[in-house]
There are 2 protein chains.
Amino acid sequence: MNTLDERRKKILYAIIQSHIDLNIPIGSFFITQKFQVGLSPATIRNTMAELEKLGYIMQPHTSAGRVPTEKGYRFYIDVLLEEQPLSLAPELYYELSTRLTDTEKTGTGIIKEAAKTLSLYSHCLAIVIPPKTEEMILKRIKFIKYEKKKVLTVLISENGVVYNKTIELEKAYSQNQLDKASNYLNNKFHGLSIKIVREKIADQLHKDKMICDQLISILLTLCKEISLSDIDDFTLNSLAGTANLPDFATIDQIKEILGAIEDKQFMLKLLNQISDSLGIRVFVGMEIIRPALKELSMVISTYKNKKDTSGAIGIIGPTRMNYKKLIPMVEYTAKALTKMLSA
Amino acid sequence: MNTLDERRKKILYAIIQSHIDLNIPIGSFFITQKFQVGLSPATIRNTMAELEKLGYIMQPHTSAGRVPTEKGYRFYIDVLLEEQPLSLAPELYYELSTRLTDTEKTGTGIIKEAAKTLSLYSHCLAIVIPPKTEEMILKRIKFIKYEKKKVLTVLISENGVVYNKTIELEKAYSQNQLDKASNYLNNKFHGLSIKIVREKIADQLHKDKMICDQLISILLTLCKEISLSDIDDFTLNSLAGTANLPDFATIDQIKEILGAIEDKQFMLKLLNQISDSLGIRVFVGMEIIRPALKELSMVISTYKNKKDTSGAIGIIGPTRMNYKKLIPMVEYTAKALTKMLSA
DNA sequence: GTTAGCACTCTTAACTTTAGAGTGCTATTA
DNA sequence: TAATAGCACTCTAAAGTTAAGAGTGCTAAC
């Protein structure tokens, strides 16, 4: 796929870079002016015709310059940008380090702050997916009774992310019994993930003579109920928290984005898809995800915690976004977040 | 102010109602067709000229029909709509009652659900302001230690709204001490508001010999720290949760709205302003609040709990929104919410 | 292989035209 | 005297026209 000779690469790069900067179709004459390529417009035109035949660029209409196709952007990101070192806007260093440290925030707060900062500097919509609850490492768990059979579960993960979930039990338990249950869990399962806890709990319970029957049933119910279902709140928060809504998108597109993000299934699928390929990932033209998101791209990276599985943080912007600047930006933010969360 | 004779009222009503329905300037001929007013276009034109002189309507340009001014809308809402019974769209009855009851949600969940439903049926942006933490009635309070000096405070209000707040104490306490503190608070102050608790705590403490010194300092710190500062999350959630973004607003306006809503000060001011005048309140042309919100209006109502002070729920939409339908809608939603929360 | 020259295409902006909606004024009617 | 018909007038919005310019592809020359 990356079988383009040097001249073609050079010209393709010039076209895409110029189009990203100026948001206009790029003509042959323009390139001779902006880039010292040592060729005449006519020659460039020939090469452009070839690139067009290969599917990297296209003409909006017969007498216009060329704009990159999705294939073109893909090549630009995968091949052309790889060949040159990407530099990070230095403002972000300072901003992220101060924003993420000076607050005495919980893990959740840090993650949100990172998203806000990212949005501010990228001028895109920032999105965050929190670490999977399933694989979250338990630091503390507490059950608080607040109605006959209703119990509020508070989970605190290793890195300070707090989850609340109300669950309804089959029968009423006293706060005292609930405290026993949470103490038991805290002692036995501290430092393990919910997933593991659920798997081990049956084994453990009947070995441990000290546990009364009620406790068993409480614990089983609890572990069944604690699931991924609270993911949505969190993601949306981080999105809307970004005050500067994108200039690039139409209202319909924003609707579509919000719709997609409200869709839990979608977010989970996305997270799975990217957490396989650790590190940064760029989606060009998101129509695979939703048809209406054709002209949008997403740059997203996983972040990790001390032991937990990763969440994801990234941005959504126009397909012609400034990848050169934004890819390192997302990358750095994810790294900074990882560092802060595992500190 | 409401000194318009019957004919003028009738014609003003016809203009505003038609303009709301069709979003076009309304001409004299149109009115004779749509309303059986028993007058000729010429007569109506005369009346229109008078109404224009009085400032209730205006012409976008010389040869156009008339559109309502803000003063016109104000009059329409305060006088004209008062004179006729407003009816509630019946779908909402069913929808709200099922949505708010069938879920085994906490108070927070109920409030959010109400906002979502409201947004869905009004096609506007729904906003919610949660009840003031200060005056929230305590049902349960719990402190969970999760780092040396860091404590997660979980408050559950009378109506099931859950608040989390991380606080940092001056010295480290054991979970055991914290449990004592929360038990003490639960016993002594159950059913009172945070505000009252704070006021009474000093008195109570030195009377009660059973309390050790550490506990006193914990409690004082806690009550100092628990403030209104967590309001923002909640409001934003409820806003963004509404999937259908408004068709009416420009991107700039949406930005502005989000900006305003992120502004804690603004929300608090707004809440205070409306909670004085219990019940529903309509803001026409919100440029008082933010200049960029000139063409937007807000219909907002307070809702209450068993004993708590009220929060607010409402919608933001175009100035030419369908008040006739939306005012009772917001009103009913607020009432339904009040009912559910105090059940 | 590269380039200059040139005819050709197509878009965009500016200007012109036209139809029609709605008005205000005046004279007329009940 | 209040209501109305008639009419000239104004202004907008849509459609049509024109002209400039940007960029191309092709061909012939270097």
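A note on names: the letters A, B, ... follow the listed sequences, proteins ahead of strands, and every chain is numbered from 1. For the numbers below, each heavy atom of this structure counts, side chains included, while hydrogens, waters and symmetry mates do not.
Atom CD of A:Glu52 and atom P of D:dT24 are 10 Å apart (whole Å). Counting to the nearest Å, the P atom of C:dG1 and the CD1 atom of A:Ile44 are 18 Å from each other. Following rounding to the nearest Å, B:Phe29 (CZ) and D:dA5 (C1') show an atom-to-atom distance of 13 Å. One can place CE of B:Met48 at 9 Å from P of C:dG22, the figure rounded to the nearest angstrom. Put simply, CZ on B:Arg8 is 16 Å from C1' on D:dA3, counting in whole angstrom units. Between A:Leu22 atom CG and D:dA22 atom P there is a gap of 15 Å when expressed in whole angstrom units. Between the P atom of D:dT24 and the CZ atom of A:Phe30 lies a distance of 12 Å, rounded to the nearest Å. In this structure, A:Asn46 places its CG atom 9 Å from P of C:dT2, rounding to the nearest Å.
Heavy atoms of B:Ala42 sit under 4.0 angstrom from at least one base atom.
Between A:Tyr332 and A:Tyr93, the ring-plane angle classifies as perpendicular under the 30° and 60° cut-offs.
Remark: the backbone N or O of A:Gly285 is paired with a side-chain donor or acceptor of A:Ser297 at under 3.5 angstrom.
There is a side-chain donor-acceptor pair under 3.5 Å between A:Gln84 and A:Tyr13.
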| task | Apply the test side chain to side chain donor-acceptor pair (under 3.5 Å) to residues B:Glu95 and B:Tyr121: give CA-CA distance (whole Å), side-chain angles for both, the deciding distance (0.1 Å), then the verdict. | result | CA-CA 10 Å; B:Glu95 195 71 18; B:Tyr121 279 84; 3.1 Å; yes

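In A:Gln36, the CD atom is not crowded: 12 or fewer heavy atoms of neighbouring residues, nucleotides or ligands sit closer than 6.0 Å.
Checked against A:Met298 for a side chain to side chain contact (heavy atoms under 4.5 Å, CB included), the options A:Ile127, A:Val282, A:Val284 give a single hit: A:Ile127. A side chain to side chain contact (heavy atoms under 4.5 Å, CB included) with B:Val299 is found for exactly one of B:Glu331, B:Met329, B:Met321, namely B:Met321.
Considering only the side chain of B:Arg45, C:dT23 comes nearest among C:dG5, C:dT23, C:dT3.
Taking only side-chain nitrogens and oxygens, B:Arg66 never comes nearer than 4.0 Å to OP1 or OP2 of C:dA21. An OP1 or OP2 oxygen of D:dA3 is reached within less than 4.0 angstrom by no side-chain nitrogen or oxygen of B:Ser40.
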| said: Strictly under 4.0 angstrom, non-hydrogen atoms only: write out the protein contact profile of nucleotides 9-16 of chain C, one letter per nucleotide from the 5' end, B, S or -. | reply: BBS-----

